[in-house]
Amino acid sequence: MSVAHVDDEEPGPGEVRHVEKALPNGDFYTGEWCDSLPHGNGKYLWTDGCMYVGEWFKGKTMGKGKFSWPSGATYEGDFKSGFMDGKGTYTGFSGDTYKGNWVMNFKHGQGTKSYANGDYYEGEWRRGFQDGHGRYQWKNGNHYIGQWRNGLMNGNGTMIWSNGNEYDGLWEDGFPKGNGNFKWADGSSYVGVWSKDDKEQSGTYYPSDSQNGNLDWDPQQVFLEDLKDCKICPGEKVSIFPSQKMPNWPGMAKGNDGRQRRMSDGKLSSYSWGSDEDEGGGSLHLEDSDTRGSCTEFKMPMKKQGQTISKGHKNYELMLNLQLGIRHSVGRPAPAISLDLKSSAFDPKEKVWTKFPPEGSKHTPPHQSCEFRWKDYCPVVFRTLRKLFNVDAADYMISICGNDALRELSSPGKSGSFFYLTNDDRYMIKTMKKAEVKVLIRMLPAYYNHVRSFENTLVTKFYGLHCVKLTGAAQKKVRFVIMGNLFCTDYAIHRRFDLKGSSHGRTTAKPESEIDLTTTLKDLDLNYIFRLQKLWFQEFCRQVDRDCDFLEQERIMDYSLLIGFHFQEVSTSCTSGVPTPTGNEDHENEGAPQLSQLGKDQLLIDPSRWSSIRLGINMPARAEKTVRKSDCEAQLVGEPTGVLYDVILFFGIIDILQDYDISKKLEHAYKSMQYDPTSISAVDPKQYSKRFRDFIFRIFVEDT
């Protein structure tokens with residue numbers, strides 16, 4: 001049998017033949033070959049001992065196949081663009097076996113895993129961890145059935161020991177936490193509130209009918225003894241993913257005519273990143289330009305948004321007051337936090353006033369600002385929310401109160417509020433009207449329960465609610481809330497939209513020459529729909545429904561879905577400097593399963609990056625260009641054109657503090673006489689929720 005090299009003369013376009021190829025790096029391929037690429041069935045051997053046998057599509061593992069590691073581990077099942085993706089079975093070198101669904105190299109969906117130590121799990125997985133509903137059986141006969149989160153027992157669940165004892169109730173991070181019932185095999189039980197902290201533990205012991213039982217039993221024994229042999233086996237790690245081993249075929253870089261062409265994942269094949277990559281925008285060098293007249297090189301410096309508040313700025317003293325107050329509130333000693341809050345913590349009267357004289361006091365430091373008073377609203381609730389949102393107190397203070405100044409943004413809306421960004425972009429501070437403060441405090445118990453129940457909620461994350469009162473003649477009060485910044489990312493946000501699902505007045509008044517990366521566009525400016533992978537799309541729909549139900553119950557309206565996205569490929573106008581995406585307008589690879597560009601640029605390099613992806617944060621997706629048939633406001637969503645762009649999405653529901661008060665009812669009545677009542681923003685919360693959902697579920701679709 002002859003051995004050919006990859007640079008030997010190739011047959012005509014589209015012709016499939018069987019070859020044996022020795023590659024310059026020592027790897028070896030044998031199988032079907034077409035247009036200078038593996039295409040069909042073939043076997044690839046790497047010099048380090050890895051091997052793939054199965055189906056290929058234009059140079060990538062695609063379809064059914066088997067990948068073997070030198071250690072003896074194997075994966076047999078579905079592949080997409082080099083990734084383990086679909087249904088498949090991984091058998092580790094130690095004997096671990098997982099059989100079920102995969103998404104981009106991660107266990108994701110339904111699956112079963114048999115561990116080498118004899119343990120067994122059957123249920124739902126997410127991003128490589130047990131997440132959802134599942135059953136775990138230990139080799140000693142103990143088993144747990146219930147909810148999981150990030151690989152730990154979390155939520156409602158039942159643990160049954162091999163001796164017949166069982167615990168049925170709430171769990172948190174692998175341990176009983178909250179209401180629960182412990183039953184012995186003899187029928188006696190202990191019912192109460194559970195916690196590893198014995199100070200928070202409380203309950204009642206009920207002996208069985210047959211005996212008095214042990215009234216001296218200590219519930220902490222469950223944590224110290226009973227759960228000692230119920231550790232979750234970590235399982236073995238995959239040494240290297242098949243996607244990281246995929247060869248870079250010379251035939252994928254250029255077409256036969258020598259011109260640049262698009263690869264099967266929709267990516268421009270000839271490019272390189274310059275040294276600006278760490279700044280988030282990068283320097284993207286393209287070999288030719290597109291029809292929009294792009295420059296050869298696109299550099300997008302990541303200029304910080306807003307005006308730095310330095311000495312001499314009209315709000316400089318207010319910023320100092322705010323930073324002093326935050327440092328005082330967050331830094332003062334506080335008791336251990338329990339997520340189970342008492343109703344008194346939500347009392348509107350639960351607020352703390354602190355006086356800050358310039359010379360300092362027993363509890364406050366000296367400062368260079370004027371004298372002011374500081375108010376904390378519901379401090380225990382917001383401290384607990386910060387814990388719930390995994391905000392470290394020291395990092396929080398450094399972000400807001402560190403040496404770096406805040407930046408002031410002009411208000412993008414009609415509210416007249418001012419917005420401030422921390423230097424690291426993590427937190428946004430918004431000044432508030434008294435009415436908004438009242439709404440937030442009124443809905444705080446329901447808000448707390450909602451964000452605690454649904455970790456993927458899209459509603460704004462609130463970290464603190466405060467007030468600064470300046471002393472002296474002015475007696476000015478400034479109320480403000482601290483929120484998470486949705487666009488805290490190293491990626492450049494190329495487009496941002498504020499979407500309500502209404503049409504009246506929902507367009508940006510700026511002329512096109514003034515629109516830049518910081519411009520927030522509106523409903524009638526939107527010219528894309530967003531395609532999400534099936535599992536993400538299903539989760540998105542569920543969460544939007546939950547969030548809208550919550551807002552409707554709290555009589556909230558006029559909220560928006562704020563969307564920002566980063567194009568994976570951009571060119572730019574030589575005159576305006578505004579980036580323009582380059583799309584996948586050819587049909588060379590129609591019918592092939594596709595991955596987003598993130599799969600190529602990030603996950604291929606570092607698959608662990610996938611753990612940073614959450615609903616609405618850092619999400620790979622595809623944006624499809626749309627065109628409206630006319631400028632008529634009635635057509636909110638344009639017609640899809642088939643032109644697709646790989647994007648990274650960021651989105652969340654914002655402006656959730658407007659209730660349907662008398663002013664909004666009057667606005668609705670007045671505008672209804674002048675415009676179509678369905679087109680205006682001020683409508684009843686139930687109608688608003690329905691219209692908002694209908695619109696959102698038209699612009700977000702499943703990527704098929």
Side-chain angles (χ1 to χ4, degrees), residues 280 302-310 313 315-316 318-332 337 374-379 381-413 415 417-432 436-437 440 444 447-448 451 455 457-468 478-491 493 496 498 518 520 560 562 564 612 614 616-618 650-657:
M302 293 297 290
K303 183 182 176 182
K304 296 277 189 180
Q305 189 180 357
Q307 178 188 3
T308 300
I309 304 176
S310 52
H313 190 284
N315 287 325
Y316 178 69
L318 178 63
M319 180 191 76
L320 292 181
N321 298 346
L322 187 155
Q323 291 178 322
L324 284 165
I326 294 289
R327 193 180 289 120
H328 171 76
S329 298
V330 179
R332 67 172 175 240
I337 297 173
W374 170 265
K375 184 195 285 189
D376 259 339
Y377 295 91
C378 302
V381 177
F382 285 103
R383 192 184 311 127
T384 311
L385 281 170
R386 292 194 293 272
K387 179 187 178 184
L388 197 62
F389 296 141
N390 296 316
V391 173
D392 179 77
D395 291 342
Y396 184 71
M397 281 197 290
I398 290 170
S399 290
I400 301 173
C401 314
N403 295 328
D404 295 312
L406 304 177
R407 306 195 310 278
E408 184 178 75
L409 310 179
S410 58
S411 172
S415 65
S417 297
F418 283 94
F419 292 83
Y420 304 94
L421 267 176
T422 56
N423 189 64
D424 59 7
D425 288 333
R426 290 176 67 181
Y427 302 105
M428 184 173 281
I429 301 163
K430 175 191 176 186
T431 61
M432 300 178 74
E436 290 178 305
V437 173
L440 178 52
L444 199 53
Y447 172 84
Y448 179 80
V451 298
E455 67 167 343
T457 180
L458 299 174
V459 299
T460 304
K461 288 182 169 63
F462 294 122
Y463 299 112
L465 182 61
H466 312 283
C467 177
V468 169
V478 182
R479 303 169 184 88
F480 55 91
V481 67
I482 301 176
M483 311 176 289
N485 176 23
L486 195 59
F487 299 147
C488 177
T489 173
D490 290 334
Y491 289 110
I493 301 296
R496 55 189 78 199
D498 180 290
T518 64
T520 302
S560 310
L562 182 63
S612 69
R614 293 185 57 195
I617 302 293
N618 207 26
F650 300 83
F651 53 81
I653 297 175
I654 63 167
D655 296 338
I656 64 169
L657 298 178

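These numbers were taken from a predicted model, which means no experiment stands behind them.
- Judged by the 6.0 Å and 45° rule, Lys430 forms no cation-pi pair with Phe419.
- Here the two rings, on His328 and Trp374, have centers that are 6.0 Å apart or farther.
- Taking every heavy atom of both residues into account, Arg327 and Cys401 meet most closely at NH2-O, 2.7 Å.
- Within the 3.5 Å criterion, the main-chain N or O of Leu406 finds no donor-acceptor partner in the side chain of Thr422.
- Tyr420 and Asn315 are linked by a side-chain donor-acceptor pair at a separation below 3.5 angstrom, with hydrogens and angles left out of the test.
- The closest side-chain heavy-atom distance from Thr384 to Phe389 is not below 4.5 Å.
- The CD1 atom of Ile482 sits 3.0 Å away from atom CD1 of Ile326, with the distance rounded to the nearest 0.5 Å.
- Considering every non-hydrogen atom in both Arg386 and Val330, the closest pair reads NH2-CG2, 4.0 Å.
- Aromatic ring centres of Phe480 and His466 lie closer together than 6.0 Å.
- Under a 3.5 Å cut-off, the side chain of Ser560 and the backbone N or O of Ile654 do not form any donor-acceptor pair.
- Using cut-offs of 30° and 60° for the angle between ring planes, the Phe462 and Tyr447 rings count as tilted.
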**Message:** Before you tell me yes or no, could you show the steps for Val391 and Tyr427 under side-chain contact (heavy atoms from CB on, under 4.5 Å), namely the whole-Å CA-CA distance, both residues' side-chain angles and the distance that decides it to 0.1 Å?
**Reply:** CA-CA 11 Å; Val391 173; Tyr427 302 105; 3.4 Å; yes

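- Of all heavy-atom pairs between Gly331 and Met397, the closest is N-SD, 3.9 Å.
- Pairing each heavy atom of Glu455 with each of Arg614, the nearest pair is O-NH2, 2.7 Å.
- Rounded to the nearest 0.5 angstrom, Asn618 CG and Cys488 SG are separated by 11.0 Å.
- Glu436 has no carboxylate O lying under 4.0 Å from a charged side-chain N of Arg479, or vice versa, which leaves the two without a salt bridge.
- For the atom pair CZ (Arg496) and OG1 (Thr518), the distance works out to 6.5 Å, reported to the nearest 0.5 Å.
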**Message:** If you apply the rule salt bridge (charged side-chain N to carboxylate O under 4.0 Å, His left out), what do you find for Asp425 with Arg407, and how did you get there?
**Reply:** CA-CA 9 Å; Asp425 288 333; Arg407 306 195 310 278; 2.7 Å; yes

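- Between Tyr463 and Phe382, a ring centre-to-centre spacing not shorter than 6.0 Å is recorded.
- No side-chain heavy atom of Thr460 sits less than 4.5 Å from a side-chain heavy atom of Ile653.
- Looking at heavy atoms from C-beta onward, Ile400 lies in side-chain contact with Leu322 at the 4.5 angstrom threshold.
- Using a 4.5 Å heavy-atom cutoff, the side chains of His313 and Gln307 are in contact.
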**Asked** So Thr520 and Asp498, side-chain hydrogen bond (donor to acceptor under 3.5 Å, both in side chains) or not? Walk me through it.
**Response** CA-CA 6 Å; Thr520 302; Asp498 180 290; over 6 Å; no

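- A salt bridge is defined here as a Lys NZ or Arg NE, NH1 or NH2 lying under 4.0 Å from an Asp or Glu carboxylate O, and Arg383 with Asp376 fails to meet this definition.
- Gln323 contributes atom CD, which lies 8.0 Å from atom CD1 of Ile429 (distance to the nearest 0.5 angstrom).
- In plain terms, the two heavy atoms of Val459 and Val451 that are nearest each other are CG2-CG1, 4.2 Å.
- In this structure, Leu444 and Tyr377 have side chains that are not in contact, with every pair of non-hydrogen atoms separated by 4.5 Å or more.
- Here the straight-line distance linking atom CG of Asn423 with atom CD1 of Ile398 works out to 13.0 Å at 0.5 Å rounding.
- Here the CG atom belonging to Asp392 is positioned 10.0 Å from the CG atom belonging to Asn390, to the nearest 0.5 angstrom.
- Taking both residues in full, the closest heavy atoms of Asn485 and Met428 are given as OD1-CE, 4.1 Å, listed atom of the first, atom of the second, then distance.
- Residues Leu657 and Met432 are in side-chain contact: their nearest non-hydrogen atoms beyond the backbone lie under 4.5 Å apart.
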